[in-house]
Amino acid sequence: MTTNGAPVSPQLIRDWAQACADGLDDIRGEINELNIFPIPDSDTGSNMANTMSRAVASLDEVPADTGLSDTVRALADSAVSSARGNSGVILAQIFVGLADAVDLALAEQDPSFNRLFKSGLRLASLAARRAVSEPREGTVLTMLKVAAQTADDHVSASPADLVRAVAEDSAEALERTTEQMPELANAGVVDAGGRGFLVLADAMVAVVTGVSNKRRAYRGSAAGPGGLGGSDCSADGDTNFEVMYLLEGADAQQIAGLRDRLGELGDSVVIVGDSSDTLERFSVHVHTDEPGSAVEAGLDLGDVRDIRISCFVLDALNAAPGATEAPPRHKRAVIALVTGDGAEGLFTEAGASVVRADDGVCSDTLADAIRATDSAHVVVMGNGMISSQDLVEVGAKSRSTQRSVVFLPTMSMAQCLPALAVHDPGESADVDAFAMAEAAAATRWGSLVRSTGRMMTLAGTSEVGDILGLIGSDVLVIAHEQDEAATALLDLMLATGGEMVTILAGRDLDEETRQAIVEHFREHHRGIELEVHDAGQVGDLLQVGVE
């Protein structure tokens, strides 16, 4: 906690920088998914996180007793020299603005928190806009402007109230970015760089007040990583490459000419200086189709180092899930979720890789099982043991450029067995999955369970301990005994016909009921094939499938 008039401690700056680095690293994936403008290359979160972590790491070399000015200047200079992407370059300007504000405040003998925070945001906003050749509203530049104005409006408040106001106004400004830029509106997302800046504002709230803000998860584009497609080196923008380098020895007056030259070669031109006292040093960024010419433009003015050239689509492909995996050894695999020892053996014998779900199953466990099949195409049957929301998460975790995953909507093990029966590894993946889905859909399924409470059903009111017969999810039979409920359920299910009945007997199905089922078939359902398997599941007394 700090007070309005008290000088800012260098340790507060260190704590804030570390909180920024931690926050950006935590949500780098979220920011990457929001990355639409200026190029949908899905790296804004990574660039901001890497830039911030490198800047914070540089403070390890700054002695703990170093004064405020030198501490902030070291942070700013490191951010500039290690900036990644245009988002990293703009991020660096926030610290350059703060460093300039510290020098100004010390010169005027007023290094209070509110003065530094207000002046730092104002100078950062101005520096960031100057660095960008063609500033656009609806970006982090807009949010910096809003934050600076809010800080000015609340400069007489307590530091806690000041930073909270800046964070909340920044959050509102982030929501408005979708309306301000057509590219964001078309994708239905907020600005990625702006989301990163909100992390910085929230980090200051946490450091000053000790209370962290909770933000919603901002959803990314449904177009996938970067929204890119095709095999050539192109993106949704007009250029193919991103070029970055550090330029030393150039005269500051020559930078305007460099900016114009890079503007002729491409777009998204950002040039910032690190305000070093020892030499002129600038971080240069441009999107272009002529990376060599962009580097030569810098060489004409001074020494160029730390050159980084990347192709947008190649970077997106390399970052895609599974891009670094070895090719799978197997062509096809089927995974079935089951409960019971008998069911595990039955489904394994039928050709499935089994995942036990006796105590439930989490998305990570199923995703690991999918990867463990080492197969190019995986069919998964959840059998009603995992929610559709969790299956969506499993798909996101397990699909890759090397692996496709198909989820068949089976709701019970009794539906899964007929699907496995038509599984043909020799067929094409699509044809095989369709045949399995068709077999599962054609299977009517039901179950017997013991009632655990009094409830209203389609068959009447059940009491605790009653045996309930379900077709699908509807209770259509209520009886006091297992055999009575089982035979009544089978009669209902076979009333519309059927050629084969498969029963998966649970652990608690009594022997009298098993015998009653067999005898009932002999007497009332001659000509219909019956199979009874000891699945051993807990919960369902039996599961039944009718084909």
Side-chain angles (χ1 to χ4, degrees), residues 10-35 41-64 66 70-99 120 124 127-128 131 140 143-144 167 170 191-208 212-213 215 217-218 220 225 242 244-246 270 272-276 281 283-285 305-308 310 315-316 318-319 324:
Q11 187 59 47
L12 182 141
I13 300 299
R14 291 175 182 265
D15 292 343
W16 175 52
Q18 185 62 60
C20 292
D22 293 341
L24 288 171
D25 187 60
D26 287 342
I27 67 164
R28 70 165 68 201
E30 178 182 313
I31 298 175
N32 283 341
E33 290 181 1
L34 296 169
N35 185 192
D41 47 3
S42 296
D43 65 356
T44 293
S46 298
N47 286 338
M48 296 186 79
N50 290 337
T51 300
M52 193 69 233
S53 64
R54 290 169 183 260
V56 171
S58 71
L59 293 180
D60 292 340
E61 302 176 5
V62 178
T66 301
D70 289 341
T71 298
V72 180
R73 186 63 64 186
L75 182 67
D77 290 349
S78 178
V80 171
S81 63
S82 60
R84 294 293 184 268
N86 59 348
S87 56
V89 173
I90 293 173
L91 172 64
Q93 289 307 284
I94 296 174
F95 300 102
V96 171
L98 180 61
V140 64
M143 291 185 61
L144 275 167
S170 295
D191 180 62
R195 178 66 183 98
F197 173 71
L198 183 57
V199 171
L200 272 63
D202 285 340
M204 185 61 83
V205 172
V207 169
V208 172
S212 299
N213 288 328
R215 301 294 179 190
Y218 292 84
E242 179 181 56
M244 292 194 68
Y245 54 81
L246 292 178
V270 182
V272 299
D274 68 357
S275 64
S276 172
R281 182 169 59 180
S283 179
V284 180
H285 172 278
R305 64 179 179 85
D306 197 13
I307 301 171
R308 301 185 294 277
S310 59
D315 284 349
N318 290 333
T324 59

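The analysis underlying the following values was restricted to heavy atoms, covering all of them including side chains, and did not include hydrogens, waters or symmetry mates.
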Open item on the list: Do Leu75 and Leu98 have side chains that approach each other closer than 4.5 Å (heavy atoms only, starting at C-beta)?
Closed with: no
Open item on the list: Are Leu144 and Ile94 packed together at the side-chain level, in the sense that at least one heavy-atom pair is separated by less than 4.5 angstrom?
Closed with: yes
Task: Heavy-atom side-chain contact between Thr66 and Pro10 under 4.5 Å - done: no
Task: Sidechain-backbone polar pair: Asn32 side chain, Ser46 backbone, donor-acceptor under 3.5 Å - done: yes
Open item on the list: Restricting to non-hydrogen atoms, name the atom on Ser58 and the atom on Ala74 that form the minimum distance, rounded to 0.1 Å.
Closed with: OG-O, 4.0 Å
TODO: Can you see which heavy atom on Ala17 is nearest to which on Val56, and at what distance?
DONE: O-CG2, 3.3 Å
Task: Euclidean distance, Ser78 OG relative to Met52 CE, rounded to 0.5 Å - done: 9.0 Å
Task: Closest non-hydrogen atom pair between Leu59 and Thr71, with its separation - done: CD2-O, 3.8 Å
Task: With sequence neighbours excluded, residues passing side chain to side chain donor-acceptor pair (under 3.5 Å) with Ser212 - done: none
TODO: Please check if the side chain of Thr51 supplies one atom and the backbone of Asn47 the other of a donor-acceptor pair under 3.5 Å.
DONE: yes
Task: Pairwise distance CG(Asp77) to OG(Ser283) - rounded to 0.5 angstrom - done: 12.0 Å
- [ ] Rounded to the nearest 0.5 Å, what's the gap from CG on Asn35 to OG on Ser87? Could you check?
- [x] 7.5 Å
Open item on the list: Please report the interatomic distance CG(Asn50) to CG(Leu24), rounded to the nearest 0.5 Å.
Closed with: 10.0 Å
TODO: Any pair with a residue in residues 13-35 that passes ring-ring contact (aromatic ring centres under 6.0 Å, His included), sequence neighbours left out, goes on the list, sorted by first then second residue, please.
DONE: Trp16-Phe95
Task: Val62 side chain reached by Arg14 side chain, heavy atoms, under 4.5 Å - done: yes
Task: Note, Met244 side chain near Val89 side chain (heavy atom, < 4.5 Å) - done: yes
Task: Interatomic spacing from CD1 in Ile27 to CG in Leu198 - rounded to 0.5 Å - done: 7.5 Å
Task: Atom pair CE/CZ of Met48 and Phe197 - distance to nearest 0.5 Å - done: 9.5 Å
Task: Sub-4.5 Å side-chain heavy-atom contact between Val199 and Asp26 - done: no
Task: N-O pairing of Arg28 and Asp25 below 4.0 Å - done: yes
Task: Check: Val140 and Arg195 side chains under 4.5 Å, non-hydrogen atoms - done: no
